[in-house]
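Numbered from 1 within each chain, the chains take letters A, B, ... in sequence-line order.
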Number of protein chains: 2
Amino acid sequence: MKKDKAHLNLQRFLPYRLTKLSGIISRSLAQRYSDQFDLTIQEWRIVAILGERPGLTAREVGELSSLDKVNMSRAIDRLEKAGRLERKVIARDRRSFALHLTNKGEEVLQQIIPLAEDYEANLLSSFSEAEIEVLDRFLNQLDNSADMLSPVTKKAAE
Amino acid sequence: MKKDKAHLNLQRFLPYRLTKLSGIISRSLAQRYSDQFDLTIQEWRIVAILGERPGLTAREVGELSSLDKVNMSRAIDRLEKAGRLERKVIARDRRSFALHLTNKGEEVLQQIIPLAEDYEANLLSSFSEAEIEVLDRFLNQLDNSADMLSPVTKKAAE
DNA sequence: AAATAATAGTTGCAGATGTAACTAAATACC
DNA sequence: GGTATTTAGTTACATCTGCAACTATTATTT
């Protein structure tokens, strides 16, 4: 009698597909950032956030960039040493600093933004406007489901 | 005169969104696999592939699971030590082995498949059948674009 | 068929990353 | 107001990961 074995096609398994896709994209972007600006992806995220909202603390930037505090601490160190970011003392809370891009940091950001936008546009070049909106909605739906399915996490990073 | 600074909203940046999403999903799945089966995601991929196609070599499994040869070598070691996989000598090429799941490995696979399918179904619970097809197409389109945009890579893993 | 190049897989090492412990400061509690 | 608890950020340590060098075997070249 034939045993009914369950089968699973990995190549069609959504978590695998997403991880693979995001890996390819991340490696490709990391390469560009690193080659041209000596910038890691973590640093890029921080710079991007601070460009929009200067003066946030490490914790706040971390929340917006999905980086935990250890990652933040290290990336901020590197950015500061590279002269791209500075910490300003906050009077009312001397545990944290207000983070600001320096001119140098701002310059990097201004150079890298078109590059990032260009990359994104290329990724989406086969999508119509309407499809991009649908994709956007799909990603939000997946985010929501994924959050629901996540064990309650004490990670600071979300 | 106002400086025209470029802005970029990280939260809406597709590579960021994909990385974040895939990270949440991967961590969540890794947790489950690890808790219940003491299995890493790499090992899971290998087991899943071998369940469908026993007898492949490490290189072949690696291609199908996007794992490079170093990752493969290590994961195969762990699976073998756990008694979940065995290597069989191939007469015509003594550099490689034919990989097979043991009964133990097959058992793990049979237990884990429903869990994985259940997780995926939950991820997609807010999607209609038609939407799932669209999502599938979108992911393929993104894969294609991402591949085009990747620097020619000698990675064995794709 | 000897020499050369290519391939499969392993291992050493270095850098990256995550967890947990730690310090300093702020907040809550009594 | 003083003690206990929580929070922001840093650091130490252990693990993971990726690259490059290596071994063994097979394929190619001449």
- [ ] Can you sort out the partners of F37(B) under ring pair (Phe, Tyr, Trp, His ring centres under 6.0 Å), two or more places apart, ordered by chain and number?
- [x] none
What side-chain donor-acceptor pairs closer than 3.5 Å can you find for residues 113-125 of chain B, not counting sequence neighbours?
{"unit_1": "E120(B)", "atom_1": "OE2", "unit_2": "L14(A)", "atom_2": "N", "d": "2.8"}
{"unit_1": "N122(B)", "atom_1": "ND2", "unit_2": "D118(B)", "atom_2": "O", "d": "3.3"}
{"unit_1": "S125(B)", "atom_1": "OG", "unit_2": "N122(B)", "atom_2": "O", "d": "2.8"}

- [ ] Answer yes when R87(B) and D77(B) have at least one side-chain N-carboxylate O distance shorter than 4.0 Å, and no when they do not.
- [x] yes
TODO: Can you tell me the distance, in whole Å, between the NZ atom of K69(A) and the P atom of dA20(C)?
DONE: 12 Å
TODO: Please state how far atom CD in Q31(A) lies from atom P in dC19(D), giving the value in whole angstrom units.
DONE: 9 Å
Task: Length of the line joining N71(A):CG and dG9(D):P, which is rounded to integer Å - done: 14 Å
Open item on the list: Output the rounded distance in Å from CD1 (I76(A)) to P (dA8(D)).
Closed with: 13 Å
TODO: Send over the distance from L39(A) CG to dA16(C) P, rounded to a whole Å.
DONE: 13 Å
Task: Whole angstrom value for the distance that separates C1' of dA8(C) from CE of M72(B) - done: 11 Å
Open item on the list: Rounded to whole Å, please give me the gap between NZ in K88(A) and C1' in dG9(D).
Closed with: 20 Å
TODO: Using whole Å, report how far CZ of R59(A) lies from P of dA25(C).
DONE: 18 Å
TODO: Quick one: which residue pairs count as a salt bridge (Lys or Arg N to Asp or Glu O under 4.0 Å) with a foot in residues 122-136 of chain A, not counting sequence neighbours?
DONE: E131(A)-R137(B), D136(A)-R12(B), D136(A)-R17(B)
Task: Sequence-distant partners of Y33(B), ring pair (Phe, Tyr, Trp, His ring centres under 6.0 Å), two or more places apart - done: W44(B)
Look for any protein N or O under 3.5 Å of an N or O in nucleotides 13-15 of chain D and output each such pair with its distance, or none.
none

- [ ] Give a yes or no answer on whether the side chain of E86(B) reaches the backbone of L101(B) with a donor-acceptor pair at less than 3.5 Å.
- [x] no
Task: For R95(A), side-chain contact (heavy atoms from CB on, under 4.5 Å) partners two or more places apart - done: D93(A)
Distance-only check: which donor-acceptor pairs under 3.5 Å involve side-chain atoms of residues 47-58 of chain A, not counting sequence neighbours?
{"unit_1": "E52(A)", "atom_1": "OE2", "unit_2": "H7(B)", "atom_2": "ND1", "d": "2.7"}
{"unit_1": "T57(A)", "atom_1": "OG1", "unit_2": "E60(A)", "atom_2": "N", "d": "3.3"}
{"unit_1": "T57(A)", "atom_1": "OG1", "unit_2": "E60(A)", "atom_2": "OE1", "d": "3.3"}

Open item on the list: Holding to salt bridge (charged side-chain N to carboxylate O under 4.0 Å, His left out), I want the full list of residues that pass it with E107(B), two or more places apart in sequence or in another chain.
Closed with: none
TODO: Residues of residues 89-100 of chain B with any non-hydrogen atom less than 4.0 angstrom from an atom of DNA chain C: list those, numerically ordered, please.
DONE: R95(B), S96(B), F97(B)
Task: Minimum-distance nucleotide (side-chain atoms of D77(B) versus dT10(D), dG9(D), dT11(C)) - done: dT11(C)
TODO: Ignoring backbone atoms, test whether Q42(B) places a side-chain nitrogen or oxygen under 4.0 Å from the OP1 or OP2 oxygen of dT17(D).
DONE: yes
